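Everything numeric in this text was worked out from a predicted model, so none of it was measured.
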Amino acid sequence: MIPKFDRHKADLDCQFCNIAWIEDSGFSPEQLRNAILNIEDINKDRPKAVIKAKSYALILEHARLAIDKEDIFQDKLFGGGLIAEQRERWQTAVIQEHLSREAEENSLAFLRYGSYHTSSDFGHTSPNSALLLAIGFPGLLERIEHFAAQPSLSTDQQAFYEACSITLRAVLAFLRRLATAVEPFNPDNARALRQLTVGRPQTTYEAMQLLILYFFIHEYVGGTRVRTLGRLDVLFRDFYRNDIESGRYTRDELKEMMKYFLNKFWAAKVPYDLPFCLGGLDAEGNEVTNEVSYQIVETYNELKIYSPKIHIRVSEKTPKDFLCLVLDCIRHNNSSFVFINDTVAIKALTDIGIESQDALNYLPIGCYEPAVWGVEIGCTGNGGVNLAKALELVFTRGRDHASGERCGLDTGEITTFLDFVTALKAQIRFLSEKATEYVIAIEKHYKNINPDPLLSSMYDVSVERGIDVYEGGAKYNNSSMYFYGIATLVDAVAAVKRLVFEEHCLSFEELGRILCANWQGQEKLRLTVQSYEEKYGNGNKTADELAVEFSDYVASLVNRKPNGRGGVFKAALFSIDHCFFFGKRTMATPDGRRASDPLSKNLCASTAMDRNGITALIQSVVKIDHSKFPTGSVLDFVLHSSAVSGEDGLEAFYGIVKTYLNLGGFAIHGNVFCADELKEAQKHPDRYRNLQVRVCGWNAYFVNLSKLEQDTFIRQAEHNE
């Protein structure tokens, strides 16, 4: 094999733009849809898992194929979103029958009031890719058939094994179809595909092809998200070494393969970017960083892509030169990386009941959320609570300011600061309970909404017990709840404390009227409040103590609370880009923020309110006990390029990241740019189409952001200069 990636890059980048489906290779889209509806009708009295498996099999065995002649990997099958449509039908039926009132209430809370949001979550998974590469699809099928042959199985167990068997046999049929179709164009690819129909992968090339196939089957046919490819430097390490030692491939050839592999996911334009992980400790406590880790980062940087995104697990043993390699990428505008603190993440997981050896083998999934690799169904996207809205509800006595409708508690008259804090915590508790109640209620119906035989076949406990992973079949079946806008909350509470209860400039009721009027006619007062020194992110004692008090409180509301699948809830303290959505639905706040302005993002200070530099910001953030947030927390940084240039700059950059992690921060990521560059990009987008920014847990081209988002980045960059 002598692949030539650079020669075909233009075509490879566009391989998902206008897919040339082979018309005579399978059913038309309409035939597929009708056939699936027929399967549902004929099997309406059978378990949903079996119906889904038969639907899956129909697509895998009869949908149209496409071949990428210039690629060395194949993946294309017309799924048409049909399994996702099926899931939506089933979920709609469940909600209409069991949860119509709760769903309506949940929709109002999210879309109208902006107080909280919750949903079912089937899109944050960390499949057992290590097992898949160890035994392949044939091994998974053999294991299913072994357990299916046990005596005295219940009817539900029989249905589970039947569904898994149908699905895995169909996957193998799909691989054989692909092998036949690609044979005339790439015999090496055909041989690799045929190997995967009879056993485990034997080479790095086959391992890469297998991971690609699983991802696209799960996501593009199954219609739910794979939120990590796994720890690639662990998965590929032994294959890579064997290929080098045997002389099968050279390092240059393996690097060329890696270009094709990474570019496949870049070309697919996976929403919010597809993550994978490098570095960190293994289940025995050894650091895993190896030659593959370095090669992946170097290749990724050469490609100038930002998806897949890369999670870097950092332990005390992670080599400095590897971290500096990543930091060098970031300071040269390839910022699709996040650093995760092994010490904090592992403690956070063990504190909510995960065994130590399992916790050592966690994966960050989605944006930054830890889950045990191939053992936990983490459901890390169930929803969250708008902390600034809870503040609004204290002033409005439980009514949404915009609509006048009740969506919180009437916490009564406020006469002391203690009254205020007590009322605020009551509102937060109320919103948290409403949010978790809906998650618990809908989780009890997961088996009839989204059974997943393919994913279940990869989970040991699920296979051994004969229970679908979404029915509670994993070893850990956990859920999540986020809390948004911690800096907005802290700054607002500190402002109320000083303005109303210490300096007695006005009464609580008077402040409430000013906020309801969006500071109209009170610009001098608003600027005075903004100038207060009690702002989160500056090492201020009052603000830091409030951050600790409220972060501890929200964590206590969620962690270890039983969910609806035999697991527990795990708290998170980050917002991703919800700071814009929820900010639009939140009235003015006492920190000087106007109505509809964004809330603070993640663990950042409110925009331009961190006045003492990144060292002071870090000192504030690490006062919070981040091990109380097992679904994660993250600090965003914005640094000027001059601050990290040259060898001294790289050393300083390393010092910032390591200081934050050593002091107990959970995760950190960010951007290196200057305000002038962003302003020019806003004025002349055609000249800056490749300028990327770290948005939240993913990257984007700056020119593709909304003006509000662009302005927020510009304002923060100006503030840092």
Side-chain angles (χ1 to χ4, degrees), residues 32 35-63 77 79 82-87 89-91 93-94 122 125 127-128 131-132 135-177 196-198 213-214 217-218 221-224 374 377 444-475 477 565-566:
L32 279 178
I36 286 177
L37 292 174
N38 188 51
I39 287 171
E40 291 182 22
D41 183 56
I42 292 173
N43 296 276
K44 58 180 176 290
D45 295 326
R46 300 221 58 197
K48 289 291 195 296
V50 174
I51 298 173
K52 182 173 182 177
K54 290 177 178 289
S55 304
Y56 232 125
L58 176 80
I59 295 171
L60 290 165
E61 295 171 359
H62 298 290
L77 177 73
L82 297 175
I83 300 296
E85 287 179 13
Q86 183 181 73
R87 182 179 66 252
R89 285 195 296 275
W90 292 351
Q91 179 157 273
V94 164
F122 310 113
T125 59
N128 195 344
L131 176 67
L132 179 63
I135 65 176
F137 283 122
L140 295 179
L141 178 60
E142 182 179 345
R143 192 168 70 148
I144 288 294
E145 292 180 337
H146 167 75
F147 282 98
Q150 295 178 108
S152 305
L153 294 175
S154 70
T155 302
D156 286 345
Q157 288 174 314
Q158 291 174 15
F160 169 82
Y161 293 123
E162 178 186 359
C164 292
S165 178
I166 291 170
T167 304
L168 290 169
R169 289 179 183 279
V171 168
L172 295 174
F174 168 53
L175 268 59
R176 288 190 287 269
R177 294 177 67 204
L196 298 178
T197 67
V198 297
L213 286 167
Y214 180 82
I217 291 171
H218 185 122
V221 178
T224 55
I377 294 293
K444 293 176 180 178
H445 299 281
Y446 273 13
K447 67 175 288 188
N448 289 320
I449 296 174
N450 188 59
D452 198 329
L454 181 59
L455 185 63
S456 296
S457 70
M458 301 172 72
Y459 277 68
D460 294 344
V461 175
S462 183
V463 171
E464 292 163 6
R465 296 173 59 200
I467 300 176
D468 189 271
V469 287
Y470 283 113
E471 195 180 348
K475 184 174 182 179
N477 303 280
R565 297 179 291 117

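Met458 CE to Phe137 CZ: the interatomic distance, rounded to the nearest 0.5 Å, is 7.0 Å. Rounding to the nearest 0.5 angstrom, the gap separating the CD1 atom in Ile59 from the CZ atom in Phe174 is 11.0 Å. For the atom pair Ser165 OG and Ile144 CD1, the distance stands at 8.0 Å (nearest 0.5 Å). Interatomic distance, CD of Gln86 versus NZ of Lys48, reported as 9.0 Å (0.5 Å rounding). Atoms CD1 and CG, from Ile467 and Asp156 in turn, are 8.5 Å apart once rounded to the nearest 0.5 Å. The line from CD1 of Ile449 to CZ of Phe122 is 5.0 Å long, rounded to the nearest 0.5 Å.
The heavy-atom pair separating Ala163 from Ala53 by the smallest distance is O-CB, 3.3 Å. The two residues Thr167 and Leu60 have their closest heavy-atom pair at O-CD1, 4.2 Å. Residues Ser456 and Val463 approach most closely at O-CG2, 3.5 Å, considering heavy atoms. Nearest heavy atoms, Ala49 versus Pro453: O-CG, 3.9 Å. Residues Gly222 and Ile83 come closest through the heavy atom pair O-CG2, 3.4 Å. The nearest pair of heavy atoms linking Ala148 to Tyr161 is CB-CB, 3.6 Å.
Using a distance-only test at 3.5 Å, with no hydrogens or angles considered, no donor-acceptor pair links the side chain of Arg169 to the main chain of Leu141. Side chain of Asn477 to backbone of Ala474: a donor-acceptor contact under 3.5 angstrom is found. Formation of a donor-acceptor pair under 3.5 Å by the Arg87 side chain with backbone atoms of Gly223 is found in this model. One N or O on the side chain of Lys52 and one on the backbone of Pro451 form a donor-acceptor pair closer than 3.5 Å.
For Glu85, the side-chain contact (heavy atoms from CB on, under 4.5 Å) partners at least two apart in sequence or on another chain are Arg33, Leu82, Arg89. Under the rule for a side chain to side chain donor-acceptor pair (under 3.5 Å), the partners of Arg46 that lie at least two apart in sequence or sit in another chain are Glu162.
The side-chain heavy atoms of Asp452 and His218, taken from C-beta on, include a pair separated by under 4.5 Å. A 4.5 Å side-chain heavy-atom check between Trp90 and Ile51 finds at least one atom pair inside the cut-off. Between Leu454 and Leu140 there is no side-chain heavy-atom pair separated by less than 4.5 Å. For the pair Asp468 and Lys447, the minimum side-chain heavy-atom distance is 4.5 Å or more. Counting heavy atoms from C-beta outward, Leu77 and Ile217 have side chains that stay 4.5 Å or more apart. Within the 4.5 Å cutoff, the side chain of Glu471 has no heavy atoms near those of the Phe160 side chain. Using a 4.5 Å heavy-atom cutoff, the side chains of Asp460 and Arg143 are in contact. At least one side-chain heavy atom of Ser457 sits under 4.5 Å from a side-chain heavy atom of Leu168.
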**Message:** Between Tyr56 and Ile36, does the side-chain contact (heavy atoms from CB on, under 4.5 Å) criterion hold? Intermediate values first, please.
**Reply:** CA-CA 9 Å; Tyr56 232 125; Ile36 286 177; over 6 Å; no
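Taking the six-membered ring where the residue is Trp, Tyr470 and Tyr446 present perpendicular rings, their angle passing 60° and hence far from 30°.
For Glu142, the CD atom counts as loosely surrounded, since its 6.0 Å shell holds 12 or fewer non-hydrogen atoms of other residues, nucleotides or ligands.
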